4 protein chains.
Amino acid sequence: MADKKTEILLTAEELFAEKGFDGTSVRDIAQHAGVNLAMISYYFGSKEKLLEALIEYRSGYTFDTLEELNKDQSLNPWDKIDRLVDFYVEKIISNNKFHNIISVHSGQLSSPEIRELITKMKLRNLEQIRKIIQDGQKKKFFRKVDIEFTMGSVMGTISQLTLLKNFYCSLLNIDKTDEEVYRKKVIVRLKTHLKQLLRAHLDIRNEA
Amino acid sequence: MADKKTEILLTAEELFAEKGFDGTSVRDIAQHAGVNLAMISYYFGSKEKLLEALIEYRSGYTFDTLEELNKDQSLNPWDKIDRLVDFYVEKIISNNKFHNIISVHSGQLSSPEIRELITKMKLRNLEQIRKIIQDGQKKKFFRKVDIEFTMGSVMGTISQLTLLKNFYCSLLNIDKTDEEVYRKKVIVRLKTHLKQLLRAHLDIRNEA
Amino acid sequence: MADKKTEILLTAEELFAEKGFDGTSVRDIAQHAGVNLAMISYYFGSKEKLLEALIEYRSGYTFDTLEELNKDQSLNPWDKIDRLVDFYVEKIISNNKFHNIISVHSGQLSSPEIRELITKMKLRNLEQIRKIIQDGQKKKFFRKVDIEFTMGSVMGTISQLTLLKNFYCSLLNIDKTDEEVYRKKVIVRLKTHLKQLLRAHLDIRNEA
Amino acid sequence: MADKKTEILLTAEELFAEKGFDGTSVRDIAQHAGVNLAMISYYFGSKEKLLEALIEYRSGYTFDTLEELNKDQSLNPWDKIDRLVDFYVEKIISNNKFHNIISVHSGQLSSPEIRELITKMKLRNLEQIRKIIQDGQKKKFFRKVDIEFTMGSVMGTISQLTLLKNFYCSLLNIDKTDEEVYRKKVIVRLKTHLKQLLRAHLDIRNEA
DNA sequence: CATGAATGAGGGTTCATTCAT
DNA sequence: AATGAATGAACCCTCATTCAT
């Protein structure tokens with residue numbers, strides 16, 4: 001690993017996800033990353049700034065993808081919903097460590113700076129999704145729904161799977177230790193479920 | 001407050017939800033609860049045992065309610081779904097502090113004992129819900145769906161609202177500080193959304 | 001055990017010997033003795049007073065035995081030495097727990113009251129032994145020796161065996177856990193050694 | 001004092017001897033050594049590891065000296081015994097603090113690691129002494145004796161003097177506070193006594 | 001630029017003791 | 001006479017951070 005800064009970020013992500021922000025000591029991070037303890041303060045200023053750096057490091061990609069999907073004229077609204085589900089499921093499941101950190105720290109815990117950062121990021125992304133759904137409504141594919149809460153359902157469903165991994169392993173009889181099997185089984189089933197859910201929920205023919 | 005043990009539990013719930021388990025010191029709890037520092041170890045044995053006690057303290061009611069709802073012969077499956085949504089939305093939103101703690105600690109962080117406890121509790125509750133949906137399917141009200149993930153969507157949606165309270169306050173233009181207004185606005189909208197979502201998702205007439 | 005006070009004393013002896021005075025908590029004692037925690041303070045005043053009570057409880061017998069041995073006109077000086085060795089070896093080995101406590105607490109640690117108590121007790125006993133040796137010298141059985149240090153050698157030898165029990169188990173290939181075997185093997189060998197040692201040391205015919 | 005690590009060790013030795021291991025707090029040590037409290041954990045890892053470090057710090061010298069004495073061809077067995085006595089009396093009396101710690105912690109108290117460490121050290125040293133005595137027996141200077149217990153008598157005698165310093169001060173009318181006077185008086189008398197004792201005990205002409 | 005040494009603050013826990021009953 | 005509840009003090013240890021080199 002050439003870049004020590006990146007190495008620290010990735011190690012921090014791993015440990016924050018595993019033991020929480022408060023539960024992870026900078027000593028842990030330094031040791032696992034194989035760098036000097038003082039280097040973390042030296043590079044990032046503080047433990048909290050390290051978390052901020054991690055969030056920014058991971059946030060860029062999502063927005064670009066959503067914006068592109070939104071602009072794509074070749075896809076009809078249903079295709080876009082499918083793509084959206086595929087994208088988010090893949091993203092959250094494979095980045096589940098980072099996603100858990102975000103889930104946990106968007107709440108009351110963590111500093112206002114962190115909360116602000118996460119909120120801003122999420123708002124920006126949601127704006128793109130809103131446009132996709134509104135476009136579908138304008139084109140008479142989708143019925144009138146609560147857009148914000150619909151997104152909440154999508155995100156919430158995926159979050160449940162990463163946050164309550166333990167529980168779902170018990171529930172679905174999956175070996176807790178085999179990360180790869182868990183992902184494969186869950187990804188397919190999750191995509192299927194969400195597409196089925198959204199298809200029924202959004203379809204204008206199901207208008208009450 | 002007559003019962004100091006309960007006072008400690010409630011204070012701990014408040015603080016754990018606000019600052020996380022690791023972020024809360026027993027000194028904090030003792031001070032806010034107005035009790036002696038040593039009393040917490042005296043009553044609960046350790047900080048971790050305190051969390052376990054809190055989980056057990058809050059877990060009893062849910063199962064009883066679900067079981068009762070399940071057994072009720074006077075309600076048709078759609079009524080039961082509505083009641084289920086009402087119950088969970090009320091419960092999670094008004095106990096959002098406790099619920100956030102659970103969300104955060106069912107993950108990798110926290111001890112195996114705690115994780116086990118939460119998993120067991122959730123499995124027990126889910127079993128009741130499964131019966132309700134299966135009953136609706138047998139009676140030809142509901143179509144075939146992924147029951148476990150459907151519940152994940154319901155729970156996940158509500159969780160999002162409590163976990164990302166900050167974000168949704170920004171999104172819905174609600175004053176962050178006024179807890180009462182937040183609850184009222186969100187509860188109504190959330191119930192409506194979830195019922196609409198489940199009605200479309202479960203209805204046998206929407207069979208693909 | 002009818003007498004709770006005695007029960008506490010014996011339990012304290014056991015635990016003090018095993019884990020030291022500071023290493024033993026009154027909770028330990030209360031629990032092992034099956035009495036209420038507060039009862040110890042109630043009966044003895046404090047943890048330290050409990051140690052004093054223990055010392056006094058164990059000190060009476062020795063002096064009486066020595067005095068009697070000293071006065072016995074039917075025994076010649078060599079017989080008295082043998083009896084002395086037998087008595088001390090038996091006493092210390094079988095009361096090794098109490099003896100270790102004394103050894104450890106006659107030093108700088110522990111309060112002046114305790115130290116005073118132990119010193120007084122030891123001086124009183126030594127006085128009797130001095131008379132025995134001086135009598136043997138007057139009767140021309142024993143040569144001139146350093147009486148105080150000779151007693152130090154006897155006591156010290158026995159103390160070594162109890163204090164360094166671990167070491168001597170390794171050295172003599174004795175199973176550490178079998179208390180009974182240890183005592184039997186050691187008692188015989190110790191008596192033989194000490195009698196041989198003192199016979200050579202005291203015999204007037206070995207006068208330099 | 002240039003080396004803070006050594007300073008901590010010496011201070012710990014002082015305090016452990018004075019108040020026992022359990023009776024000494026790391027705060028005490030830090031304060032007396034004039035170092036930060038956290039530095040002790042920083043350097044040694046824990047309070048117990050500090051004791052281990054102390055034992056190892058003090059153990060090296062003894063073995064080397066004994067081995068050298070053993071190998072010395074220019075001395076006859078009686079000379080070697082005299083040197084042995086001189087060496088041990090000097091060593092224990094002047095390092096009495098360390099020696100008391102060892103005495104106290106070779107017993108049941110203290111962790112298996114510590115006990116193991118002490119036992120190993122003592123066994124190693126005793127092996128050298130055994131050779132000296134066996135050599136004297138082979139050369140027909142010494143009679144047959146219980147070698148292990150003979151060493152127990154030597155060590156035990158010296159230990160008594162350090163462990164029961166208080167008692168012997170009373171006994172010998174020595175001012176308790178004047179360390180220097182105590183040592184001088186005791187060292188001379190102790191050497192004389194032990195040499196006299198061993199001469200009688202070992203001399204082949206005193207064979208029973 | 002990078003780091004070993006060092007530190008003040010605070011962590012959870014256990015202590016011996018007290019006191020109202 | 002006996003005890004459950006409660007407490008202030010002190011325990012050892014680890015924390016994130018700083019700073020001289």
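Every chain is numbered from 1, with letters handed out A, B, ... down the list of sequences. Bear in mind that the values here come from a model prediction, so they are computed numbers and not experimental data. Just so it is clear, the values below take in all heavy atoms, side chains as well, and ignore hydrogens, waters and symmetry mates.
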Tell me: [atom1] of [X] to [atom2] of [N], nearest whole Å?
{"X": "Met39(A)", "N": "dT17(F)", "atom1": "CE", "atom2": "C1'", "result": "16 Å"}
{"X": "Leu50(B)", "N": "dG11(E)", "atom1": "CG", "atom2": "P", "result": "15 Å"}
{"X": "Ile40(C)", "N": "dG4(F)", "atom1": "CD1", "atom2": "P", "result": "13 Å"}
{"X": "Lys5(C)", "N": "dA2(F)", "atom1": "NZ", "atom2": "P", "result": "11 Å"}

Axial cation check for Phe21(C) ring with Lys47(C), 6.0 Å and 45° limits: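 Pair Lys47(C)/Phe21(C) counts as cation-pi.
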Distance under 6.0 Å and angle within 45° of ring axis: Lys49(B) vs Phe44(B):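 The answer is no, since Lys49(B) fails at least one limit relative to Phe44(B).
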Closest to side chain of [X], choosing from [options]:
{"X": "Val26(C)", "options": "dA5(E), dC15(F), dA16(E)", "result": "dA16(E)"}
{"X": "Ser25(C)", "options": "dG4(F), dG12(E), dA16(E)", "result": "dA16(E)"}
{"X": "Tyr43(D)", "options": "dA2(E), dA2(F), dA6(E)", "result": "dA6(E)"}
{"X": "Ser41(A)", "options": "dT17(F), dA16(E), dT3(F)", "result": "dT17(F)"}

Under 3.5 Å, is there any donor-acceptor pair linking the side chain of Arg27(B) to the base of dG12(E)?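 Flag set: donor-acceptor pair detected.
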Determine, for Glu18(D) against Lys97(D), whether the closest basic-nitrogen to carboxylate-oxygen distance falls under 4.0 angstrom.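 Between Lys97(D) and Glu18(D) there is no salt bridge, as every charged N stays at least 4.0 Å from the carboxylate O atoms.
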Between Asp22(D) and Lys19(C), is the closest basic N to carboxylate O distance under 4.0 Å?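 Salt bridge between Lys19(C) and Asp22(D), a charged N being under 4.0 Å from a carboxylate O: no.
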Using a cut-off of 4.0 Å on non-hydrogen atoms, how would the nucleic acid contact of Phe44(A) be classed: base, sugar-phosphate, or nothing?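 Nothing, no nucleic acid heavy atom in range.
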